[in-house]
2 protein chains.
Amino acid sequence: MIQKKQEARRIAVPPRKVATIREVAAKAGVSTATASRALNDDPKVLSSTAQRVRKAAARLGYSANHAARSLKTRATRTIGVIAPDLATDFFMLLADRIEGELAARGYGLLLCSSRESLAEEKRLLGFFAERLVDGVIAIPATASGSHFKAAAARGMPLVLADRSPRGAGTDAVLVDNEGGACAATRALAGLGHRRIGLVGGDPRLSTARERHAGYLRALAELGLPREEAFERYGNMHIDSGYRMLGQMLSLPGAPGAFFVVNADTHIGCTNWLMTAGRSADSPAAEGVSTGRAMAVAPAATVGRVELAAFDEMPYSPLLCFCRFAVEQPVAMMGQEAVRLILERIAGDGGDRPRILRLPTRLVSHG
Amino acid sequence: MIQKKQEARRIAVPPRKVATIREVAAKAGVSTATASRALNDDPKVLSSTAQRVRKAAARLGYSANHAARSLKTRATRTIGVIAPDLATDFFMLLADRIEGELAARGYGLLLCSSRESLAEEKRLLGFFAERLVDGVIAIPATASGSHFKAAAARGMPLVLADRSPRGAGTDAVLVDNEGGACAATRALAGLGHRRIGLVGGDPRLSTARERHAGYLRALAELGLPREEAFERYGNMHIDSGYRMLGQMLSLPGAPGAFFVVNADTHIGCTNWLMTAGRSADSPAAEGVSTGRAMAVAPAATVGRVELAAFDEMPYSPLLCFCRFAVEQPVAMMGQEAVRLILERIAGDGGDRPRILRLPTRLVSHG
DNA sequence: CTGAAAGCGCTTACAG
DNA sequence: CTGAAAGCGCTTACAG
């Protein structure tokens with residue numbers, strides 16, 4: 001990632017001629033000070049004067065030079081947003097809500113991907129500092145959070161979303177991952193399953209860890225056995241779901257139900273079931289409706305596997321093995337993240353980190 | 001969308017103290033001019049001087065004030081990006097690629113959603129102008145493009161992606177929609193279908209129109225009948241696919257195959273087939289393997305419908321009725337859009353609009 | 001209610 | 001190779 005700063009100067013800037021406040025002031029017959037006040041709705045200016053200024057501005061097609069204003073006010077009306085990956089549906093649903101909330105308040109959103117890299121994430125905080133963003137909303141990429149704490153200590157308003165890394169100590173908008181996972185696992189048990197596996201995520205990430213904990217809690221509460229051979233951890237991407245479920249279902253006596261940690265892993269699982277799993281001479285059969293383990297079934301009945309997954313997506317009901325999905329309150333997460341960051345920026349955030357835990361909802365599919 | 005400009009002043013700005021170039025210069029024992037040159041890798045400064053300056057900057061944790069630099073250079077190293085909707089997978093795949101290309105060059109991305117509104121889109125061009133972005137990459141929301149032409153005429157470097165609205169006359173990165181749709185429709189015919197319907201998009205949008213044209217071309221070339229009752233136009237969202245396919249399959253003698261205009265419509269179609277379509281007392285049956293229309297079949301065999309859709313998504317292979325998908329070269333689109341905009345910014349764009357048409361690829365599923 | 005003036009933090013001809 | 005000085009376009013005490 002080489003930054004060629006000097007290019008900024010080498011570039012031939014097109015003429016793009018725009019009116020300045022001086023021209024507006026001249027046309028309206030006032031000083032730039034008054035013009036500025038009028039344009040910023042300062043109540044102290046005579047409304048007739050303000051009218052004149054506004055008319056002049058309109059005629060000239062004036063719009064304030066944002067860089068100049070920011071230089072003076074030290075506010076950019078811009079929020080930096082970091083996501084580990086822009087192509088992941090859940091992150092983008094969240095980004096969409098954040099953008100909506102911000103746009104409604106005249107804020108812009110500088111969106112960057114950390115590419116799931118801690119180094120990139122740190123670099124981005126510097127990038128944002130340089131650009132004087134008013135605040136940052138970040139979905140952390142890893143389990144490390146001390147750089148967030150450091151940035152906040154340096155005075156950068158900061159709100160984390162979705163994940164809670166170690167040592168961050170900043171505001172955060174999270175969901176009840178444990179409760180959601182527990183409910184999903186219980187729902188599978190409600191179908192008659194007494195053996196339920198886990199297609200999990202990276203346990204260093206709070207989401208994966210908490211969902212795992214919820215899964216385990218459900219097993220414990222229901223008196224179901226924990227079988228570590230059927231608990232796997234992946235990177236929460238499609239390939240990882242494909243691989244993990246495939247490995248487990250190739251084992252003798254695999255369970256007939258799995259809790260799946262997120263949407264992409266879910267896609268991967270479904271993918272395996274619809275391709276390799278279809279033709280697999282897999283010993284993974286278990287009587288689903290009776291909940292009674294059957295002897296190794298040579299002709300695969302892998303198709304009878306049932307899944308409950310975190311994340312309710314538009315396509316979730318279409319994934320053939322999906323029985324339950326845990327819906328996250330994405331809209332509310334976006335709303336709250338924006339509320340928290342704006343409060344921080346305004347200095348109304350208090351001096352303690354505020355951690356929100358929003359509820360999830362279990363959705364039942366066919 | 002009320003913008004409260006005065007808030008920019010009311011906000012209590014946190015102390016966030018950062019070093020200025022004056023302090024760096026002082027510490028290095030040079031003028032701010034020399035410090036600036038050193039920090040910008042001006043080859044004219046003595047390398048020993050440059051070293052001293054860089055060391056001082058590092059010690060002070062200096063990073064240039066971006067607003068001040070922009071005010072002077074009139075370049076912001078920021079590209080404005082407009083998408084009709086941030087939650088649509090295809091747009092975000094594209095945004096992800098654009099972000100990657102831009103980040104590698106030290107550019108930031110100001111991302112905004114036009115919410116599929118022309119008015120919003122126009123407003124955003126003004127928003128970007130005010131913020132002095134170096135250029136704009138836009139996925140147009142509607143069929144109207146004259147505001148893009150106007151912005152370009154005012155000197156704003158501008159590249160459109162995916163869609164080509166009327167009267168834009170700017171650079172654009174498009175794909176061969178017609179060819180892709182034609183290939184997909186032919187592939188359905190290759191399965192034995194002699195009657196193929198269309199689950200289409202808004203014909204005012206170039207993508208929907210071109211895909212429609214490709215579908216019609218395939219029919220014509222193959223000598224298949226055009227049946228307007230089985231050509232429908234929607235808004236390219238999930239609900240629209242659900243509704244249109246449902247309506248068509250409820251008609252007597254509906255075809256057994258459909259070309260579907262995009263991913264979301266495809267999800268909607270699949271959704272209908274898996275829910276309403278399953279229980280429907282639909283007269284839509286047609287012998288798929290023989291290609292011979294059957295008499296009205298009361299017990300629905302709607303499940304035998306086969307689809308070919310534009311957009312290959314991670315979940316496309318999992319959509320049960322999907323036989324073919326048209327893959328768009330998203331990575332290349334992002335790359336080319338960034339190349340074009342940077343060339344425009346550098347003044348190397350030439351004086352004629354450059355329209356790129358990238359090839360698609362047909363993917364066969366199960 | 002309005003204006004003259006200072007200044008935000010850079011970059012860049014210009015002069016040496 | 002380096003520095004003094006101007007200036008980018010705003011906003012905002014301060015004075016009136």
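Below, chain A is the first sequence line, B the second, and so on; all start at residue 1. Below, all heavy atoms of this structure are taken into account, side chains as well, without hydrogens, waters or symmetry copies.
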**Q** For B/Ala168 and B/Phe148, which heavy atoms make the closest approach, and how far apart are they?
**A**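 Between these two residues, the closest heavy atoms are CB-CB, 4.4 Å.
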**Q** With side chains defined as the heavy atoms from C-beta onward, is the minimum distance between A/Ile139 and A/Ile82 less than 4.5 Å?
**A**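 A/Ile139 does not reach A/Ile82 side chain to side chain.
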**Q** Quiz question: by atom type and distance under 3.5 Å, do the side chains of B/Arg131 and A/Thr78 form a donor-acceptor pair?
**A**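 Short answer, yes.
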**Q** Measure from the side-chain heavy atoms of A/Leu46 and tell me the nearest of C/dC1, D/dC14, D/dT11.
**A**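 Selected nucleotide (nearest to the side chain): C/dC1.
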**Q** Could you pick out which residue, A/Arg22 or B/Pro43, lies toward the 5' side of DNA chain D when each is mapped onto its nearest nucleotide?
**A**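 Nearest-nucleotide comparison on DNA chain D picks B/Pro43.
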**Q** Provide, to the nearest angstrom, the distance between the NZ atom belonging to B/Lys44 and the P atom belonging to C/dC14.
**A**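 B/Lys44 atom NZ is separated from C/dC14 atom P by 13 Å.
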**Q** Can a side-chain donor-acceptor contact be found between A/Thr76 and A/Asp134 if the only test is distance below 3.5 angstrom?
**A**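 Yes, a side-chain donor-acceptor pair sits under 3.5 Å.
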**Q** Base, sugar-phosphate, or nothing for A/Ser70, non-hydrogen atoms under 4.0 angstrom?
**A**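 If one applies the 4.0 Å heavy-atom cut-off, A/Ser70 turns out to touch nothing in the nucleic acid.
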**Q** Count the heavy atoms of every other residue, nucleotide or ligand shown that sit under 6.0 Å from CZ of A/Arg339, and state whether that count exceeds 12.
**A**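 Result for CZ/A/Arg339: enclosed.
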**Q** Picking from D/dT2, D/dT11, C/dG3, which would you name as closest to the side chain of B/Thr34?
**A**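 Selected nucleotide (nearest to the side chain): D/dT2.
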**Q** Check DNA chain C for consecutive Watson-Crick or G-U pairs with both distances under 3.5 Å and list the runs of at least three as stems.
**A**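 Ordered by first number, the stems with DNA chain C (at least 3 consecutive pairs each) read C:1-3 with D:14-16, C:5-12 with D:5-12, C:14-16 with D:1-3.
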**Q** The side chain of A/Ile21 lies closest to which of these nucleotides: C/dC8, D/dC10, C/dA4?
**A**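 The nucleotide sitting nearest to the side chain is D/dC10.
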**Q** Check the distance between D/dC14's P and A/Arg37's CZ and give it to me in whole angstrom.
**A**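 Answer to the nearest Å: 13 Å.
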**Q** In whole angstrom, what separates A/Asp42's CG from C/dC1's P?
**A**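 A/Asp42 atom CG is separated from C/dC1 atom P by 9 Å.
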**Q** Let me know the distance between CZ of A/Arg74 and P of D/dC10, rounded to the nearest Å.
**A**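 So the CZ-P distance, A/Arg74 to D/dC10, works out to 18 Å.
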**Q** In chain order, what residues pass the side-chain contact (heavy atoms from CB on, under 4.5 Å) check against A/Ala151, with sequence neighbours excluded?
**A**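 Expected list: A/Leu125, A/Arg154, A/Met156, A/Leu158.
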**Q** Are A/Arg69 and C/dC8 close enough that a side-chain N or O sits under 4.0 Å from OP1 or OP2?
**A**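 The answer is no; no side-chain N or O of A/Arg69 sits under 4.0 Å from OP1 or OP2.
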**Q** Could you measure between the two P atoms, the one in D/dC10 and the one in D/dC14, and give it in whole Å?
**A**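 The answer is 24 Å between these two P atoms.
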**Q** How do B/Lys72 and B/Ser48 order along DNA chain D: which one's closest nucleotide is nearer the 5' end?
**A**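 Mapping each residue to its closest nucleotide by heavy atoms, the 5'-most match is B/Ser48.
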